[in-house]
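A quick write-up on the structure given underneath.
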Amino acid sequence: MALSKHVNADHLLQQSRDKKSPSHFANLTQSGPHAPLSHSYGARYGTDPIPKYHIPSKGLDPQSAYQLIHDELTLDGAPLLNLASFVHTYMHPAGVKLMEENLTKNLIDTDEYPATQIIHNRCISILADLWHAPSTQNAIGTATTGSSEAIQLGGLAMKRIWQEKRKAAGKSIHEPGPNIIMGANAQVALEKMARYFDVECRLVPISVESNYRLDPKKAMEYVDENTIGVFVILGSTYTGHYEPVKEMSDLLDEYEAKTGHSVPIHVDGASGGFFAPFATPKLLWDFQIPRVVSINTSGHKFGLAYVGVGWVIWRDKQHLPKDLIFELHYLGSVEYSFSLNFSRPAAPIIAQYFNLISLGFEGYRTIALNDLKNARLLSRALENSKYYTVLSDIHRLDSERSLGASVKATINENDVESYVAGLPVVSFRFSDDLQQKYPEIQQKWIQTLLRSRGWIVPNYELAPNLEKVEILRVVVRENMSELLIERLVNDLIEITEDLIKRDSPMHALDALGTAQSKKHHERAHGQIDEGHVSSSSGTYAKTC
């Protein structure tokens, strides 16, 4: 007899509950729009169950509501162990206190909160100076809710400028219409800009030879007079590689000299914009390159603020079209807005300023260098295991500084400038040797088995053209300490070797059952050896 293909758990539990229970003890598992959500702590106070899918007629007391939501959220993963995300998960308590004190402030109310607006403008000037804008005091930019909004604004400004040039030349802005160029490794926010604002998105295929990122020479095959710009990514989300901004600019310089068409560059520095200036300040990627007209970044990534803040800066006012700036006569003052939304919380911007002045250049650099050091440690450990191949390159010495056989003698391995520049991201996959010997082992099992130990490490396909290659990726943030790297490596090796030892398609499921019973490398320290105790009496209470 075949088992049912689907069992509705809510319906099953509803049928199984006590039939004569009072209404205020009704089970939380009733299905349908009026299904109640009962809470064990609320029951202590005689609280009626609340509906899950519509507002209750009578609310809970605040403490019970807090406890209900708090307990449900414990099912989330631990942010500290979420190695999938670039989003920062730690701030100094003083910064958190500032955020709490300013939770009620709306950044857009400049007349009501002038000091907050001044802090916002200071952040703009600091970033403009960090990115070598021509004039930092007159820099133009804005805070955003993140890099997604910032990218929309940067791309939209390039589209408007292209339209103005086409109109001035008496050419159509509709046929064949504008296009924008980016690598196929682009984060979805970049593609959103193209789709939302009716711009043809031309994705340049990636390759192993291009380091899984935009190939500038290949990109030039997609450029024409209707290209509004090129998105160049300072830190691919797949592998952490920086795309070569200077090389892309040089090729566009040659193109303009031949055709007369000027194609600008917007640098998506979502992660790298707050990392490269501190880790590798000699790297040429920002407004020092004249063709770079705008840059965005996420303050809540390597800007080290909590989630909810991004930034976009233009090199000067000429590159932000006036028709994108709104003059608002609102709340007793004149305000100017060039963001996609109106109201936005001021607290994340204040948190950003707190980081900038409390850490300073030296503090940000120290954190960045430590992130890279830990990422190199993880990369080398994985490669030395022979089980994994690392696709990211931050642990490899920069070939341009190499002097052949004497490289180790001439390059200081503690000097970050000796290595390939990039984000502290470690992307890796099963080694070819492991895949050949154990073809039945699926790499995606590693993600599941790591999750059983608390780690959140994604396993996913590379960008189009290399989508058959699956990678695991770890983002090394500030709170990913060397101790946690050690624990992660030990768990990875234990899991991998456990899968290798088993010879059944069920071994991944078997490994889940034994994940917590495996002896950790530190557990034996200070413990009594197994042979030095009496044998089990058959009960849980074993005689020592």
Mind checking salt bridge (Lys or Arg N to Asp or Glu O under 4.0 Å) for [X] and listing every partner two or more places apart, or none if nothing turns up?
X: Glu225; value: Arg166, Lys171
X: Asp129; value: none
X: Lys444; value: none
X: Glu383; value: Arg396

Side chain to side chain, [X] and [Y], heavy atoms closer than 4.5 Å:
X: Val476; Y: Val474; value: yes
X: Val293; Y: Ile265; value: no
X: Asp433; Y: Lys386; value: no
X: Met193; Y: Ile180; value: yes
X: Tyr460; Y: Arg473; value: yes

Quick one: does any side-chain atom of [X] pair with a main-chain N or O of [Y] as donor and acceptor, under 3.5 Å?
X: Ser339; Y: Asn341; result: yes
X: Thr259; Y: His261; result: yes
X: Ser392; Y: Ser427; result: yes

Under the criterion side-chain contact (heavy atoms from CB on, under 4.5 Å), which of Asn374, Leu372, Thr366 is the partner of Asn370?
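So, applying the side-chain contact (heavy atoms from CB on, under 4.5 Å) to Asn370 and each of Asn374, Leu372, Thr366, only Asn374 qualifies.
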Just to verify, what does [X] make a side chain to side chain contact (heavy atoms under 4.5 Å, CB included) with, not counting sequence neighbours?
X: Ile357; answer: Tyr353
X: Ile493; answer: Ser385, Tyr387, Val489, Glu497
X: Lys218; answer: Val204, Asp215, Glu221, Tyr222

Who pairs with Tyr364 by ring pair (Phe, Tyr, Trp, His ring centres under 6.0 Å), at least two apart in sequence or on another chain?
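Residues passing ring pair (Phe, Tyr, Trp, His ring centres under 6.0 Å) with Tyr364: Phe274, Phe278.
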Mind checking whether Phe430 and Tyr388 have parallel, tilted or perpendicular rings, split at 30° and 60°?
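Because their plane-to-plane angle lies in the 30° to 60° range, the rings of Phe430 and Tyr388 count as tilted.
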Would you please name every residue forming a side-chain hydrogen bond (donor to acceptor under 3.5 Å, both in side chains) with Asp253, sequence neighbours left out?
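So Asp253 forms a side-chain hydrogen bond (donor to acceptor under 3.5 Å, both in side chains) with Arg291.
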If the condition is side-chain hydrogen bond (donor to acceptor under 3.5 Å, both in side chains), which residues does Glu254 pass it with, not counting sequence neighbours?
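Applying side-chain hydrogen bond (donor to acceptor under 3.5 Å, both in side chains) to Glu254 gives none.
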Using distance only, find each side-chain donor-acceptor pair of residues 231-246 under 3.5 Å and give its atom names and separation, not counting sequence neighbours.
residue	atom	partner	partner atom	Å
Ser236	OG	Asn185	ND2	3.3
Ser236	OG	Tyr238	N	3.2
Thr239	OG1	His241	ND1	2.6
His241	ND1	Asn211	O	3.3
His241	NE2	Asp393	OD2	2.7
Glu243	OE1	Ile233	N	2.7
Glu243	OE2	Asn185	ND2	3.1
Glu243	OE2	Leu214	N	2.9
Lys246	NZ	Asp250	OD1	2.8
Lys246	NZ	Asp250	OD2	3.0

Can you list every pair that meets side chain to side chain donor-acceptor pair (under 3.5 Å) and has a residue in residues 186-201, with sequence neighbours left out?
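Every side chain to side chain donor-acceptor pair (under 3.5 Å) pair that includes a residue of residues 186-201, provided the two are not neighbours, is Glu200-Arg202.
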Reference residue Asn459; test side chain to side chain donor-acceptor pair (under 3.5 Å); the match among Arg429, Gln447, Gln442, Glu470:
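Among the candidates, only Glu470 passes.
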Determine whether more than 12 heavy atoms belonging to other residues, nucleotides or ligands lie under 6.0 Å from atom CD of Glu482.
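12 or below, so no.
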